[in-house]
Amino acid sequence: MSDTAPAAPKKLFLLDAFALIYRSHFAFSKNPRINSKGMNTGAVLGFTNTLVEVLQKEKPTHIGVCFDGPKKTFRHEQFAAYKAQRQAMPEDIGIALPYIKKIIQGFHIPMLMMDGFEADDVIGTLAQKAEKEGFEVFMMTPDKDYCQLVTENIKIYRPAFMGNAAEILDVAHVLARFEIERVEQVIDILGLQGDASDNIPGIPGIGEKTAKTLIQKYGSVENLLANVDELKGKQQENVRNFAEQGLMSKELATIHVNVPLDFEADKLLLDAPDETVLRELFDELEFRQLSARILGGGPERTPARVAAPGSTPVRRPKLVPGGQASLFGNPGDEAVAIGAEEGETGSHGAPAGPRKRLEDVPYNYHLMDTPELRQSLLSFLLQQEEVSFDTETTGLDTMTARLVGLSFAWLPGEAYYVPVPADDQAATQAIVDEFCPFFESKTILKIGQNIKYDLTILKHYNVNISGPLFDTMLAHYLIEPDMRHNMDVLAETYLHYSPVPITDLIGPKGKKQITMADLAPAAVKDYACEDADVTLQLKHVFEPMLKDLGLLGLLNDVENPLVPVLADIEYEGIRIDSGAMNEYSAELQGYITELETQIFREAGQEFNIGSPKQLGEVLFDKMDIGKGKVKKTKTGQYATGEEILSQLAAENPIAALILEYRQLTKLRSTYVEALPQLVSVVDGRVHTSFNQAVAATGRLSSTNPNLQNIPIRTERGREIRKAFVPRDENHVLLAADYSQVELRIMADFSGDKTMIEAFRLGQDVHTSTASKVFKVPMDAVDSEMRRKAKTVNFGIIYGISAFGLAQRIGISRKEATEIIETYFQEFPSVKAFMDDSINRARELEYAETLLKRRRYLRDINSRNATLRGYTERNAINAPIQGTAADIIKMAMINIHHWLREEKLGTKMILQVHDELVFDAVTEEVEYITPKIKELMTTALLLPRGVPLEVEVGSGRNWLQAH
DNA sequence: GCGATCGC
DNA sequence: GCGATCGC
């Protein structure tokens with residue numbers, strides 16, 4: 001370099017190691033990356049990707065990675081609670097850390113730390129020193145506290161994350177984001193609002209918004225305190241009382257730039273990595289793709305199914321299995337499968353890694369917007385054995401959404417979009433009718449992602465889809481029940497492909513968001529076609545996986561056939577007597593007002609009873625009750641949960657009043673007020689949505705509204721069930737309940753003679769359990785004994801710990817442990833069953849139900865005893881609860897089928913885990929009752945033949961039906 | 001135990 | 001996001 005050339009800019013990157021590592025770890029937590037040795041490599045991979053990204057993209061001249069010093073910092077000395085709430089480091093990060101350090105060394109990058117200081121102090125100090133020597137400095141961190149250090153030459157570099165591009169924050173960004181005039185004021189804002197994760201308290205009642213307003217007005221915490229008289233009411237009181245805490249919080253939020261550390265530029269000079277060391281590390285960690293990308297060559301890669309950019313695309317056979325060519329001649333020359341390249345970056349939230357987009361792959365997407373094109377498409381559709389399809393609509397609410405278009409795909413890389421005029425109902429209906437021969441075909445397999453949604457939309461256009469279904473969402477739910485199943489994540493993970501985000505079309509969420517109907521069909525075409533195409537390709541990936549796992553039967557015999565059943569249930573809805581609800585609301589309001597008055601009288605002041613924070617302060621600070629029983633929650637607030645208040649009830653009448661107040665306000669807000677608002681104006685009924693892919697055990701869940709938690713336990717709660725009524729005078733509600741299914745399953749699985757005998761003899765199983773555990777004859781079991789025995793039985797089914805059990809029945813942990821021990825002595829086979837379940841899970845790392853549904857239990861061999869214990873209880877509970885879910889799902893399919901076959905008017909309208917509810921035609925009740933019983937009890941037979949029993953009742957409302 | 005919902 | 005409470 002010649003002397004006259006201008007000096008190259010000196011670019012220093014300082015990485016905040018722990019912040020980046022934690023972020024990487026949690027980014028992968030929903031889709032953990034486990035290598036063949038069982039190590040969770042998410043944190044290492046994410047951190048390394050971030051590091052590589054910055055090296056390649058930003059080309060720093062100097063770089064260093066900063067860690068927190070090992071000893072406690074001056075902040076801990078100032079404020080004992082500082083970071084006290086912080087949870088211990090996750091085990092996986094502890095394991096990852098040595099690897100990360102070795103990788104940093106392999107890159108020849110220095111690690112910087114200082115006893116008694118945190119990484120941010122080190123970074124702040126070095127940044128300022130480097131700035132003086134003419135460096136442009138980038139602090140690489142996701143942490144907003146660093147904003148206080150930003151200057152013209154010191155900036156924050158937020159690495160790419162969760163689909164967001166990397167971002168550089170300069171002075172203008174910081175001022176805009178905090179709405180301040182000077183960068184230093186960041187500390188004032190943080191001091192006022194506090195930071196829950198660092199346990200910096202701030203001033204109570206001041207959040208982000210208030211902090212900004214106050215600092216805009218007063219400029220600093222100190223000046224705010226000097227002018228505290230100008231504030232009003234509660235705010236003034238808080239600022240006055242917590243002035244000291246505010247100042248200390250400001251101090252804690254301040255990054256200290258006086259760490260005794262020299263800035264030695266030449267030590268931070270970027271150096272070439274040690275490729276041998278890195279290659280060995282990457283091999284050990286199984287980072288094949290990363291290794292190939294940054295080191296070149298390397299170990300053999302699995303041949304990619306997709307053509308590499310620039311090379312000749314793979315030729316796809318022109319004929320599909322059904323013998324049908326593609327609609328437009330010869331698309332095989334261009335279109336190829338999106339491709340499933342094997343690699344470690346494919347997980348959701350991976351900071352980097354090659355993920356293709358629509359513009360990177362060849363595709364043939366066609367707009368079919370004339371009668372001729374539609375006819376041609378239909379004739380091709382009818383010749384396929386399987387077709388993936390998707391609907392585009394104006395919104396997510398199936399009751400109000402209008403159809404905008406339909407897309408279809410049967411060859412990878414190729415799809416067809418049929419737009420409809422959303423605002424012309426008749427014209428839309430006519431186009432939909434054209435495709436009825438396809439939708440109603442009994443032989444063509446229809447593939448969809450969350451296909452229940454499409455079924456419901458089409459139902460509103462009088463289409464009753466027939467034939468077999470394949471839902472890719474449910475397929476993945478069986479493969480990885482705990483993970484997310486939305487299409488974008490699946491495409492990223494399994495196809496290494498990022499679909500066009502919907503927000504590219506309709507804009508970001510909010511008031512200004514438009515709908516699909518506002519766009520020209522040509523603008524929707526690619527998005528819609530891509531959905532059908534991706535879904536088709538996912539099906540091709542999932543089907544062989546399911547086959548290998550032995551789960552294809554469960555999908556095809558249970559989950560997929562259940563989809564139309566649920567679609568019908570949701571479509572039918574249940575009638576609510578809104579008048580009765582409103583009357584009850586007024587009645588509840590009367591009680592609530594009365595209770596408020598009494599509570600305020602007892603407390604000697606008015607306050608917001610619904611605020612656990614205020615309530616805790618009133619009870620434990622002001623009234624000073626519950627000495628020795630006071631507990632705090634993990635956020636440092638007083639705990640005011642049920643068990644605490646129940647204990648306090650003996651001491652002070654206020655506790656019972658509060659519990660009653662809570663119960664009534666819960667009933668009012670969650671049920672009595674909310675339900676009438678969800679009644680559809682179209683048919684006067686409430687339509688819940690069942691989610692078939694969220695519960696880890698295989699159960700369904702219900703939302704919007706949740707009709708699976710309508711009260712039943714208390715008198716006042718039961719009142720709500722009276723408002724669930726049949727659709728008209730010619731119907732009644734019929735409820736069919738499995739009696740003790742889960743305990744029967746446990747009795748069967750364990751083969752416990754005593755318990756099986758109790759079921760065979762039709763005894764009350766909780767009483768018989770109590771008789772054994774408390775060693776008294778059946779007729780000497782009192783209600784207290786029965787209650788305890790029942791809790792133990794449920795404890796096993798729900799997988800609660802001895803500790804949880806003690807809490808529930810209000811006994812000591814010791815007594816709980818004793819009850820459990822006696823239980824095991826009396827029911828040795830149950831104990832053996834539990835041990836076997838755990839041992840089996842230790843080996844397989846999953847548990848399975850009668851129909852082979854899996855729940856993965858990867859923490860069963862963890863060294864963390866709490867985590868392991870929790871997972872062990874799941875190992876016992878998952879097969880029991882999951883088998884019960886399998887059984888009722890089978891029963892639903894069979895009953896639905898039978899009702900249709902017999903052309904009966906009765907409709908299934910709800911499922912509540914072990915109960916089915918029907919809107920039954922009154923004249924049909926007698927005929928259907930025994931058949932429903934039969935279909936439910938024989939849906940699945942338990943291996944040892946323990947019988948299932950079902951109770952059926954009917955009445956003018958849901959309460960009477962029980 | 002899980003899942004959903006409410007108000008703070 | 002948290003604490004509390006409903007059902008199974």
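Worth knowing before you read on, the calculation uses all heavy atoms, side chains too, and leaves out hydrogens, waters and symmetry mates. Lettering follows sequence order; numbering is per chain, from 1.
Under the rule for a side-chain hydrogen bond (donor to acceptor under 3.5 Å, both in side chains), A:Gln245 has no partner lying at least two apart in sequence or in another chain. In terms of the side-chain hydrogen bond (donor to acceptor under 3.5 Å, both in side chains) criterion, residue partners of A:Asn839 (sequence neighbours excluded) are, by chain and number, A:Arg842. Annotation: side-chain contact (heavy atoms from CB on, under 4.5 Å) contacts of A:Asp737 (sequence neighbours excluded): A:Ala735, A:Asp914, A:Glu915, A:His962. Applying the side-chain hydrogen bond (donor to acceptor under 3.5 Å, both in side chains) criterion to A:Ser585, with sequence neighbours excluded, gives A:Glu673.
Among the protein residues, A:Thr665 comes within range of no part of the nucleic acid, since none of its heavy atoms lies under 4.0 Å from any strand. Across all strands shown, A:Ala696 has heavy atoms under 4.0 Å from sugar-phosphate atoms exclusively, and none from any base. As judged by a 4.0 angstrom heavy-atom cut-off over every strand, A:Asn874 is placed among residues making no nucleic acid contact. Within 4.0 Å (heavy atoms only), A:Asn691 reaches no atom of the nucleic acid at all.
Panel note: side chain A:Arg718, backbone A:Ile712; a donor-acceptor pair is recorded below 3.5 Å.
Within the structure, every pair that satisfies the side chain to side chain donor-acceptor pair (under 3.5 Å) test and touches residues 614-623 of chain A, not counting sequence neighbours, is listed here: A:Asp621-A:Tyr638.
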- [ ] Produce a footprint string for nucleotides 3-8 of chain C: one letter per nucleotide, 5' end first; B if the base is under 4.0 Å from any protein heavy atom, S if only the sugar-phosphate is, - if neither.
- [x] SSBBSB
